[in-house]
Amino acid sequence: MVQTKKQKYLFLAFCLVPTFILFAIFTLYPLLSGLYYSFFEWSGSSANKSFVGVDNYVKLFNDSIFPSTILHDYFLVVTKVIGIMILAIFFAVALTQLRIKEAPFYRIIFFFPNIMSVVVIGILWAFIYNPGLGIINSGLELIGLEEWAKPWLGDEDWALPSLVLPSVWAGIGLFMLLLIGGISNVPKSYYDAAEIDGASEWQQFWKITMPLVWPQIKVSILYIVITTLNGSFIIVQIMTQGGPNNATHVMGSYLYQQAFVQFNFGYGATIGVVILIISLITVLLLQFFLRREKVEY
């Protein structure tokens with residue numbers, strides 16, 4: 001069917017304009033609004049806004065709590081990337097290379113936490129960590145290690161590390177399935193040829209599997225980093241609400257506290273702008289450090 005140039009442009013406009021409108025409403029508008037409100041002192045519920053220029057940014061960089069929230073965020077980023085990727089790669093290789101008959105069942109079991117709400121996961125693990133009724137302290141007491149039992153979420157030294165375990169547990173399944181898809185597409189003849197050449201299974205993993213599934217690994221790492229920097233506040237709000245003594249506050253939870261608890265909406269918007277900048281810089285740096293030559297097969 002022959003189309004005129006005008007018909008082609010109309011078709012492109014028909015496809016792109018609705019998408020751009022939705023993008024403008026749900027992404028550009030909130031982004032620009034947050035930047036706009038960051039220059040005001042505003043409670044968020046009043047009609048009166050006072051223009052303060054960059055005072056909110058000056059206040060933020062002099063804030064004694066905010067630097068620690070950045071460190072907490074990156075602690076969760078590093079531990080989640082290491083924990084999730086090691087376990088996801090291990091289970092993905094095991095379920096594809098070891099010919100386990102129950103592999104489909106295990107895939108469902110590992111993916112199950114991903115279909116659960118973060119709120120449900122937070123409440124579940126709050127009960128697990130409960131100092132009196134939780135299975136962790138109960139298990140330690142059962143095996144005679146009651147001196148190791150502690151109020152995990154109420155201890156300043158252990159509260160933040162305690163958030164890592166539920167975060168890793170909830171994230172393994174999705175990335176395991178992503179890696180299983182990549183490993184399943186690697187031609188079996190590569191492994192057969194390597195085995196004939198005398199390569200061990202460990203060598204096959206490093207020389208064949210890892211290079212060929214690197215795109216999936218890179219996507220997984222970037223996704224974990226982005227979702228952690230922008231979404232870890234949910235698990236924090238459910239399990240610790242930033243306590244004890246601000247020991248678990250991340251940037252997102254601190255934004256929530258300032259904007260919706262203390263009604264410093266302008267200051268909260270400033271934190272949101274900084275979160276965006278930090279996230280963009282982090283992703284750009286990761287894109288640079290994780291780049292590899294494309295391996296084709």
Exercise for the section: Look only at the side chain of Thr248 and the backbone of Gly243, and say whether a donor-acceptor pair between them is shorter than 3.5 Å. Expected result: yes
Handout entry: Glu141 atom CD: more than 12 heavy-atom contacts under 6.0 Å
Key = yes
Problem - Donor-acceptor contact present, side-chain Glu41 to main-chain Phe51, <3.5 Å - result: no
Problem - Sidechain N-carboxylate O distance under 4.0 Å for Lys188, Asp192 - result: yes
Problem - Asn246 side-chain N/O to His249 backbone N/O, donor-acceptor pair under 3.5 Å - result: no
Exercise for the section: Going by the ring-ring contact (aromatic ring centres under 6.0 Å, His included) test, name the single residue among Phe110, Phe175, Phe111 that passes it with Phe91. Expected result: Phe110
Exercise for the section: Using modelled atom types only, decide if a donor and an acceptor are shared between the side chain of Ser184 and the backbone of Gly181 within a distance under 3.5 Å. Expected result: no
Problem - Sidechain-backbone polar pair: Asn130 side chain, Gly132 backbone, donor-acceptor under 3.5 Å - result: yes
Practice task
First locate atom CE of Met85, then atom CD1 of Ile172, and finally report the distance between them rounded to the nearest 0.5 Å.
Solution key: 11.0 Å
Handout entry: Check: Lys150 main-chain N/O paired with Asp155 side-chain donor or acceptor under 3.5 Å
Key = no
Practice task
For side chain to side chain contact (heavy atoms under 4.5 Å, CB included), just list the numbers for Asn48 and Phe40, CA-CA rounded to whole Å, side-chain angles, deciding distance to a tenth of an Å, and then say yes or no.
Solution key: CA-CA 10 Å; Asn48 299 320; Phe40 289 85; over 6 Å; no
Exercise for the section: Inspect the surroundings of CH2 in Trp214 and state if more than 12 heavy atoms from other residues, nucleotides or ligands are less than 6.0 Å away. Expected result: yes
Exercise for the section: Using a 4.5 Å cut-off on heavy atoms from C-beta on, say whether the side chain of Ile235 contacts that of Trp125. Expected result: no
Problem - Test log, rule side-chain hydrogen bond (donor to acceptor under 3.5 Å, both in side chains), inputs Trp148 and Asn137 - result: CA-CA 8 Å; Trp148 288 15; Asn137 282 353; over 6 Å; no
Could you pull out all donor-acceptor pairs under 3.5 Å where a side-chain atom in residues 223-232 meets a protein atom, sequence neighbours excluded?
from   : atom 1 : to     : atom 2 : distance (Å)
Thr227 : OG1    : Tyr223 : O      : 2.7
Thr227 : OG1    : Ile224 : O      : 3.1
Thr228 : OG1    : Lys80  : NZ     : 3.1
Thr228 : OG1    : Ile224 : O      : 2.6
Asn230 : ND2    : Ile226 : O      : 2.9
Ser232 : OG     : Asp73  : OD1    : 3.1
Ser232 : OG     : Thr228 : O      : 2.8

Problem - Parallel, tilted or perpendicular: rings of Tyr254 and Phe66 (30°, 60°) - result: tilted
Problem - Distance in Å, Phe75 CZ paired with Leu163 CG, rounded so as to fall on 0.5 Å steps - result: 9.0 Å
Practice task
Let me see the working for Ser38 and Thr270 under side-chain hydrogen bond (donor to acceptor under 3.5 Å, both in side chains), right down to the final yes or no.
Solution key: CA-CA 5 Å; Ser38 70; Thr270 305; 4.6 Å; no
Exercise for the section: State whether the number of non-hydrogen atoms from other residues, nucleotides or ligands found under 6.0 Å of Glu195 atom CD is greater than 12. Expected result: no
Problem - Heavy-atom neighbours of Phe90 CZ exceed 12 at 6.0 Å - result: no
Problem - Ring-face cation of Lys49 near Tyr37 (centre distance under 6.0 Å, axis angle within 45°) - result: no
Practice task
Could you tell me whether a side-chain N or O of Thr27 sits under 3.5 Å from a main-chain N or O of Ala24, the two making a donor and an acceptor?
Solution key: no
Practice task
Could you tell me how the ring of Trp206 sits relative to the ring of Trp202: parallel (under 30°), tilted (30 to 60°) or perpendicular (over 60°)?
Solution key: perpendicular
